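Note that the numbering runs from 1 along the sequence shown for the chain. Owing to the predicted nature of the structure, the values given are computational and were not obtained by experimental measurement.
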Amino acid sequence: MSRRPRKLSTDGDTEELFRIVTAREEDKQAAAAAEGEVVGAVPAHLDTSKPTVRRAPLMRERRGIDLFMIDPLSGVILKSDMQSLEHPIFSLSKVRDMSTYHYEHNGNWLEVTPSSIGRATIYDRDLILYITSHIVRAVNEGRGVSQTVRLTAHDFLKFANRGNGGRSYELLRESLTRLGGTRIQTNIKTNDTDEFRTFGLVESASILRETRDGQMLDLEIKVSDWLFKAISNSEVLALHPDYFRLKRPLERRLYELARKHCGRQESWVVSLDVCLKKSGSRGEMKEFRRMVREIVETNAETHHFPDYDIRMEGDYLVFELRSISALSKPLVTAEAGQPRLKPDTYEKAKKAAPGMDVYAMEADWLAYWQSSGRPKLKSADGAFVAYCKSRGGEGRKPARASARH
């Protein structure tokens, strides 16, 4: 496999500016490199089944692939840092939230102070996810990164399944203000470091170019030390791309909790009291129970909730991995010659890389296998476990995929 550092380089060779390649540039690069069959990247979702949908609980897909064009977003797997999956940093309110929010659970606490136009919302978080996903991809490809990121507004809006009208750019400008102005105080650890921190979700942001009608073109954003440290130490998880299509803020938050706590386990059970606290919802239990029940009932009809089924049992909420059989299958529909991993290989991989998301590493491993010409492996299971061991070991270099395994 490719040589992928487990941690980001922070020495003098680190680039001062990490620039996200634009969609147009990626199209040109892909067109110049393509000779024959084009191999797509591995999706980040956990379950590839597509149940029949009788209703439309998801927003319509806006980022479809153009005819005869390589989708420039296909190589980016949606990623999130683990801490914001577990703890309620972002507001679930669709109206301006001007109140200071305090959260405490099992010794972890945080206090979130809003900006002049309100606390950063779970929709503002989309921009953080976009940046995180690109930084992780760059690290996996061995490219230099930094906390300062340059991106194109149009590409972000497409990635996050948003429209590209003037209102979308106006909302993005407001997101930048909320992300930059929202301040957090916390004792939550990153990289097992116990310390008091106070920071903004975004340290700084600027619009470099703007059209005459007010649409921004290029953005330059510096993410917080706290977030960058989490990414640096591989404290990230892959999310289902349909996360951006979930309509309700609480649906997004419930999926985040399921992804963090259930993951690839068969199920996860949580009391409604704890779920209310960890969701960050400001409503009373009666209203929270009603909203959760509505989501559960809709999902029972449509199976729109990514990766998991949900049900209520009294005062408990149960998340179940939708297809346990997916544990014995690769994350994508098998192509000719694609490696298939045995069920117990995942357990071996977890022991080889303790604390890391082996399923996200599987996606990275398969993506590189595809991009390197899909070489025949003597033992796919052995190659993957060796790769995980190299990713999980301090100072070790990842194993390269070859027929020797």
Side-chain angles (χ1 to χ4, degrees), residues 4-8 10 18 20 44 46 76-92 103 105 108-110 112 119-140 145-149 151 156 159-160 175 178-180 182-195 197-203 221-241 243-244 252-263 278-280 306 353 355-361 363-364 391-392:
R4 296 172 180 158
R6 180 168 179 266
K7 297 184 179 182
L8 304 187
T10 54
F18 172 56
I20 294 177
L46 305 178
V76 181
I77 298 174
L78 181 59
K79 297 289 182 75
S80 169
D81 69 287
M82 294 185 188
Q83 299 298 350
S84 58
L85 289 177
E86 182 169 1
H87 306 291
I89 294 174
F90 297 90
S91 173
L92 302 184
Y103 160 84
H105 184 68
N108 293 312
W109 64 267
L110 61 85
V112 187
R119 179 179 159 205
T121 72
I122 200 164
Y123 296 107
D124 299 333
R125 168 169 159 74
D126 292 356
L127 187 57
I128 301 296
L129 293 175
Y130 180 68
I131 293 172
T132 300
S133 302
H134 275 277
I135 291 179
V136 171
R137 180 193 184 187
V139 172
N140 289 341
V145 298
S146 74
Q147 288 180 248
T148 303
V149 180
L151 59 108
F156 161 70
F159 181 88
S175 289
R178 282 190 294 267
L179 288 168
T182 298
R183 301 294 301 179
I184 297 175
Q185 298 182 56
T186 185
N187 71 337
I188 296 174
K189 299 178 182 179
T190 54
N191 193 29
D192 294 327
T193 302
D194 191 1
E195 59 181 331
R197 303 281 294 181
T198 178
F199 56 91
L201 293 167
V202 165
E203 294 297 334
I221 298 171
K222 183 177 181 181
V223 299
S224 68
D225 294 340
W226 192 73
L227 175 63
F228 196 69
K229 182 184 290 187
I231 302 173
S232 301
N233 292 284
S234 301
E235 297 174 1
V236 296
L237 287 175
L239 305 183
H240 194 294
Y243 172 86
F244 287 134
R252 290 191 173 200
R253 184 63 190 137
L254 290 179
Y255 173 75
E256 292 175 357
L257 292 172
R259 183 66 187 94
K260 176 61 174 68
H261 294 285
C262 186
K278 294 181 76 68
S279 72
M356 299 184 70
D357 182 6
V358 297
Y359 303 101
M361 287 195 290
D364 295 337
R391 286 284 301 273

Chemist: Once salt bridge (Lys or Arg N to Asp or Glu O under 4.0 Å) is applied, do any residues pair with R183, and if so which ones, sequence neighbours excluded?
Modeler: none
Chemist: Rounded to the nearest 0.5 Å, what's the gap from NZ on K79 to CG on L239? Could you check?
Modeler: 9.5 Å
Chemist: Return yes when atom NZ of K222 has more than 12 non-hydrogen atoms of other residues, nucleotides or ligands closer than 6.0 Å, and no otherwise.
Modeler: no
Chemist: Measure the CD-CG distance between Q83 and N108 for me, rounded to the nearest 0.5 Å.
Modeler: 7.5 Å
Chemist: Is the closest side-chain heavy-atom distance between I221 and L127 below 4.5 Å?
Modeler: yes
Chemist: Does the plane of the ring in F159 sit parallel, tilted or perpendicular to the ring in H134? Use 30° and 60° as the thresholds.
Modeler: tilted
Chemist: Applying ring pair (Phe, Tyr, Trp, His ring centres under 6.0 Å), can you list everything that pairs with H105, at least two apart in sequence or on another chain?
Modeler: none
Chemist: I'd like to check the side-chain hydrogen bond (donor to acceptor under 3.5 Å, both in side chains) partners of S84; sequence neighbours left out, ordered by chain and number.
Modeler: D81, R125
Chemist: For S133, check side-chain hydrogen bond (donor to acceptor under 3.5 Å, both in side chains) against everything at least two apart and list the hits.
Modeler: none
Chemist: In Å, rounded to the nearest 0.5 Å, how long is the span from CZ of R119 to CD1 of I89?
Modeler: 9.5 Å
Chemist: How close do G280 and P88 get, heavy atom to heavy atom, and via which atoms?
Modeler: CA-CB, 3.5 Å
Chemist: Got a sec, which residues hit ring pair (Phe, Tyr, Trp, His ring centres under 6.0 Å) with Y103, two or more places apart in sequence or on another chain?
Modeler: H87
Chemist: I need the minimum non-hydrogen distance between V145 and A138, along with the two atoms involved.
Modeler: CG1-CB, 3.6 Å
Chemist: Please identify which of these residues, K260, H261, E235, meets the side chain to side chain contact (heavy atoms under 4.5 Å, CB included) condition with L85.
Modeler: K260
Chemist: So how far is it from F90 CZ to L201 CG, rounded to the nearest 0.5 Å?
Modeler: 4.5 Å
Chemist: Are any of the side-chain heavy atoms of D126 and R252 separated by less than 4.5 Å?
Modeler: yes
Chemist: Say you draw a straight line from CZ of R178 to CG of D124; how long is it, rounded to the nearest 0.5 Å?
Modeler: 4.0 Å
Chemist: With distance as the sole test, does S224 use its side chain to make a donor-acceptor pair with the main-chain N or O of E203 at under 3.5 Å?
Modeler: no
Chemist: Check I77 against A238 and note the closest heavy-atom contact, atom names and distance.
Modeler: CG2-CB, 4.0 Å
Chemist: Could you check whether E256 pairs with R253 (Lys NZ or Arg NE/NH1/NH2 to Asp/Glu carboxylate O, under 4.0 Å)?
Modeler: yes
Chemist: According to side-chain hydrogen bond (donor to acceptor under 3.5 Å, both in side chains), who are the partners of T182, at least two apart in sequence or on a separate chain?
Modeler: none
Chemist: What class does the angle between the rings of Y243 and Y255 fall in, given that below 30° is parallel, 30 to 60° is tilted and above 60° is perpendicular?
Modeler: tilted
Chemist: Quick check: does any side chain N or O of R137 sit under 3.5 Å from a backbone N or O of L78, one acting as donor and the other as acceptor?
Modeler: no
Chemist: When rounded to the nearest 0.5 angstrom, what distance separates OG1 in T198 from CH2 in W226?
Modeler: 12.0 Å
Chemist: Do T186 and V112 have side chains that approach each other closer than 4.5 Å (heavy atoms only, starting at C-beta)?
Modeler: no
